[in-house]
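Remember, it's 1-based here, ligands and their atoms both numbered in the order they're listed. All figures in this text were calculated on a predicted structure; none of them were measured in a lab. In what follows, every heavy atom counts, from backbone to side chain, and hydrogens, waters and symmetry copies are set aside.
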Amino acid sequence: NCDAPMDICMTFGNTADSLIRSNYARRIDAKECLELLEVAYSNNLVQVGENVQNEVAFICNCCGCCCEALLAAKRFGTTQTIATTAYIPVVLPSSCVSCGKCVAVCPVDALELKNDELELIEEMCLGCGVCVRNCAFDALHLEKRDARVITPVNTAHRVVLMAIDKGMLPNLIFDNNALASHRMMASILTAILNLPPAKQILANEQIRSKYLANMMAKRKK
Ligand code: SF4
Ligand code: SF4
Ligand code: SF4
């Protein structure tokens, strides 16, 4: 739907190897990766790295009209706390001339002009900063969000946190064939046992497992 480059999302490590072997991706070196990130930035694409601290598996460069993830966010109004950054744009009304450029470039329609006043729909905002760098009047800047966003340690931790936030931990554990392997199940359980106490309580409420409750209690001792 747009002029943004398509051949621009990146995966790393085992995921990349598997996609290259299946002819879904091509191998590139670090130099080309950096060049592509620059191209993505200059095309106002939202740069979405996997939200984990270690072993990032992908960096997507998404537009709001073609990327399925951003389209879903717009269409269904999903508030995905895990995927946001720790920042939020703030408008300086005295500098804003209501030109609408930031509204046009926001990939998830999180900005609106109402009676020439700029309004942010906070629950939709990704904190990507695309609006800020497109304001020619320095009327927008990013500030830290009040609520702390937990950055998961790894992919298993991220999947568990997302499942808890959506109330779907039981589905993740009991209905998912991918967890048939002991290795995957072990990594999911380890992620649950390493959660902060408030998230552990939520996890326990969702699964209602005596086994998990015992494991958590032992871990605390
Ligand atoms: S659809 Fe979006 S998230 Fe998926 S690969 Fe494309 S840009 Fe990335
Ligand atoms: S781009 Fe800047 S000046 Fe234009 S509406 Fe947005 S904040 Fe206001
Ligand atoms: S930071 Fe700006 S461009 Fe990005 S989602 Fe929020 S309002 Fe939209």
Kindly work out whether a path of hydrophobic side-chain contacts (I/L/V/M/F/W/Y, heavy atoms less than 4.5 Å apart) joins [X] to [Y].
{"X": "Ile8", "Y": "Leu19", "value": "no"}
{"X": "Leu111", "Y": "Leu113", "value": "yes"}
{"X": "Leu118", "Y": "Val132", "value": "yes"}

Distance from [atom] to nearest protein heavy atom, with residue and atom:
{"atom": "atom 4 (Fe) of ligand 3", "value": "Cys128 SG, 2.3 Å"}
{"atom": "atom 5 (S) of ligand 3", "value": "Leu126 N, 3.3 Å"}
{"atom": "atom 2 (Fe) of ligand 3", "value": "Cys131 SG, 2.3 Å"}
{"atom": "atom 8 (Fe) of ligand 3", "value": "Cys106 SG, 2.3 Å"}

**Message:** Looking at every non-hydrogen atom in both residues, tell me the closest pair between Arg26 and Glu32 and how far apart they are.
**Reply:**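 The pair with the smallest heavy-atom distance is NH2-OE2, 2.8 Å.
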Distance filter under 4.0 Å to [X] heavy atoms, resulting ligand 2 atoms:
{"X": "Leu118", "value": "7 (S)"}
{"X": "Val97", "value": "3 (S), 8 (Fe)"}
{"X": "Phe137", "value": "3 (S)"}
{"X": "Leu140", "value": "7 (S)"}
{"X": "Gly100", "value": "4 (Fe), 5 (S)"}

**Asked** Between the candidates Pro89, Cys102, Cys96, which shows the shortest non-hydrogen contact distance to atom 6 (Fe) of ligand 2?
**Response**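 That would be Cys102.
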**Prompt:** Does ligand 3 have a heavy atom under 4.0 Å from the side chain of Leu120, from its backbone, from both, or from neither?
**Reply:**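 It is the side chain that touches ligand 3; the backbone stays farther off.
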**Request:** Answer side chain, backbone, both or neither: which part of Val105 comes under 4.0 Å from ligand 3, heavy atoms only.
**Result:**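 Val105 to ligand 3: no contact under 4.0 Å from either part.
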**Prompt:** Quick one: does ligand 2 sit under 4.0 Å from the side chain of Val103, the backbone, both or neither, non-hydrogen atoms only?
**Reply:**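 Neither part.
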**Asked** Backbone, side chain, both or neither: what part of Ala136 comes under 4.0 angstrom of ligand 2, heavy atoms only?
**Response**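 The answer is neither.
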Near [X], which atoms of ligand 3 are under 4.0 Å from a heavy atom of that residue?
{"X": "Gly127", "answer": "1 (S), 6 (Fe)"}
{"X": "Leu111", "answer": "7 (S)"}
{"X": "Gly129", "answer": "1 (S), 4 (Fe)"}
{"X": "Cys125", "answer": "1 (S), 5 (S), 6 (Fe), 7 (S)"}

**Prompt:** What do you reckon, is CG of Asp138 surrounded by more than 12 foreign heavy atoms closer than 6.0 Å?
**Reply:**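 No, not enclosed.
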**Item:** Pair Leu126-Leu70, side-chain contact (heavy atoms from CB on, under 4.5 Å): steps then yes or no
**Value:** CA-CA 10 Å; Leu126 304 165; Leu70 296 190; 3.8 Å; yes
**Request:** In sequence, state the C-alpha distance, the side-chain angles, and the governing distance for Phe137 and Leu92, and then conclude on side-chain contact (heavy atoms from CB on, under 4.5 Å).
**Result:** CA-CA 10 Å; Phe137 302 90; Leu92 189 64; over 6 Å; no
**Leu37 backbone acceptor or donor facing Gln47 side chain under 3.5 Å** =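 Indeed, once roles are kept as given, a pair shorter than 3.5 Å links the two residues.
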**Request:** Look only at the side chain of Ser18 and the backbone of Asn14, and say whether a donor-acceptor pair between them is shorter than 3.5 Å.
**Result:**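 No, because the side chain of Ser18 does not come within donor-acceptor range (under 3.5 Å) of the backbone of Asn14.
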**Message:** Walk me through whether Asp17 and Arg21 qualify under side-chain contact (heavy atoms from CB on, under 4.5 Å).
**Reply:** CA-CA 6 Å; Asp17 277 340; Arg21 271 201 306 275; 4.0 Å; yes
**Message:** Using the rule given for side-chain contact (heavy atoms from CB on, under 4.5 Å), can you reason through Asp109 versus Met124, listing the C-alpha separation, both sets of side-chain angles and the distance that settles it, and then say yes or no?
**Reply:** CA-CA 8 Å; Asp109 299 340; Met124 286 298 298; 5.9 Å; no
